[in-house]
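All values derive from a computational prediction rather than experimental measurement. Labels below follow one simple rule: chain letters A, B, ... track the order of the sequence lines, proteins then strands, and each chain is numbered from 1.
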Number of protein chains: 2
Amino acid sequence: MTKKKPDEFQGYELDDHVCFAIYKANHAFNRFYKPVMKELGITYPQYITLLALFKKDHQRVSELGECLFLESNTLTPLLKRLEEMGYISRTRSQEDERQVIVSLSETGRGLSDGIIDIQQCAFSHLDTPAETIRQLVEQLNEVQAHMIKAKEKVSG
Amino acid sequence: MTKKKPDEFQGYELDDHVCFAIYKANHAFNRFYKPVMKELGITYPQYITLLALFKKDHQRVSELGECLFLESNTLTPLLKRLEEMGYISRTRSQEDERQVIVSLSETGRGLSDGIIDIQQCAFSHLDTPAETIRQLVEQLNEVQAHMIKAKEKVSG
DNA sequence: TCAAATTAAATCGTACACGATTAATTCAAA
DNA sequence: TTTGAATTAATCGTGTACGATTTAATTTGA
């Protein structure tokens, strides 16, 4: 019986801390962006989705899903809300009626100004050298890649 | 008119990438842990909650909320599910009837063995030197702290 | 050519997240 | 001591997430 008792349980410190540190940081970004995005009338996931459309307009639902790591079960209702608010349009492709093309409306494009201001604000508050942030992003992407591989190995 | 047009929109690269990198890494951990936790009959948030209880048993709901960054509106239903499954008990405090004390059951404590194995598996798949991970965690905690401060300044 | 396999999105059920409100208890000040 | 403020959970409504299934359109192969 080499297992620790619950009262002494610390978990495997490092992984425990990485996953929890990421959980906390993600929480913090959510909580920062949520109220400021509310002033634009959108949620944080809707903001992330719009960013993807700012970068590349007229994407299919599955294309958007690939870059956001979401599927139609999550995206469809989210996109319907953005459509109801008039920020995007959803139209069936002519060539392939199965595909739905998501496009920014004029109003939707107009959100980019407010979003730029908010991003600038967030970045300035990070108060961290650009190079440090660049390295952090690189490391996070590595961790992400490793965990995706881990998932494939462990549970398909 | 110095603002970029949507087609050229890149956002403020660094913040954009940090928040998105964290979003993606969090996703990856979620997707790794979800199926393996399912074999134990629990969800990822329930796993995080149990970790907090392994570290300190008999916490109040608000105490748990502080370390998990969650409030009763999220925790109450989650804890009720853990109680229904027999992993914890929820009892009103004798001294202060407003407080609910959350305690691990024998079965709940028994989960720690399986959880240790899973954490070991996750950590080994990270395939990264301990010191590197330690630094990453530190940086993430700094980013988190900065964003919490940013939120306070920007939207109370 | 036309039925079977494949693909894309939508739908459904369950479980978080969270702002806002409510209910019950305790504390505190007049 | 008694009313009003403060505290603690719980409740409610909306919006993600996601596994599993369904529907509709396209592709493939006999």
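Across all strands shown, B:Leu75 has no heavy atoms under 4.0 Å from either base or sugar-phosphate atoms. If you check every strand for non-hydrogen atoms under 4.0 Å, A:Asn73 touches a base. Contacts of A:Arg81 with the nucleic acid, taken as non-hydrogen atoms under 4.0 Å apart, include base atoms.
Take the nearest nucleotide of DNA chain C for B:Glu97 and for A:Gln99: the residue whose nucleotide is more 5' is A:Gln99. In this structure, A:Thr43 and B:Thr76 both approach DNA chain D, and ranking their closest nucleotides by distance from the 5' end singles out B:Thr76.
Looking at the side chain of B:Lys80, the nearest of the listed nucleotides C:dA15, C:dG19, D:dA10 is D:dA10. Minimum atom distance to the side chain of A:Thr74 is reached by D:dC18, of the listed D:dC18, C:dT25, C:dC18. Each of C:dA9, D:dG19, C:dC18 was ranked by its minimum atom distance to the side chain of A:Arg31; first place goes to C:dC18. Set against D:dG19, C:dG19, C:dT26, the side chain of A:Lys38 has C:dG19 as its closest nucleotide.
Atom NZ in B:Lys34 sits roughly 14 Å away from atom P in C:dT14 (whole-Å rounding). What separates CZ of A:Arg92 from C1' of C:dA10 is a distance of 8 Å, to the nearest Å. Put simply, CG on A:Leu78 is 8 Å from P on D:dA17, counting in whole angstrom units. For the pair A:Glu84 CD and D:dT14 C1', the interatomic distance rounds to 13 Å; values are reported in whole Å. With rounding to whole Å, B:Leu64 atom CG is found 14 Å from D:dT8 atom C1'. Distance A:Glu95 CD to C:dA8 P: 14 Å, rounded to the nearest Å. Between the CZ atom of A:Arg98 and the C1' atom of C:dT6 there is a distance of 8 Å, rounded to whole Å. Here D:dT7 presents its P atom at 12 Å from CZ of B:Arg60, a figure rounded to the nearest Å.
Closest approach of A:Leu140 and B:Ile22 over heavy atoms only: CD1-CG1, 3.5 Å.
Contact annotation: B:Arg90 side-chain N/O to D:dA10 OP1/OP2 distance is under 4.0 Å. Between C:dT7 and A:Ser62, no contact under 4.0 Å exists linking OP1 or OP2 to a side-chain N or O. OP1 or OP2 of C:dC16 lies within a sub-4.0 Å distance of a side-chain N or O belonging to B:Gln46.
In this structure, A:Phe32 has its ring center at least 6.0 angstrom away from the ring center of A:Phe29. Annotation: A:Tyr47 is in aromatic contact with A:Tyr33 [ring centroid separation under 6.0 Å].
For A:Ser72 against C:dA10, a side-chain-to-base donor-acceptor contact under 3.5 Å is present.
Under the 4.0 Å criterion applied to side-chain N and carboxylate O atoms, B:Asp127 and A:Lys149 are not assigned as salt-bridge partners. We find that B:Arg109 and B:Glu106 are joined by a salt bridge, their nearest charged nitrogen and carboxylate oxygen being less than 4.0 Å apart.
Between A:Phe20 and A:Tyr23, the ring planes are parallel. Angles under 30° get that label, and only those over 60° would be called perpendicular.
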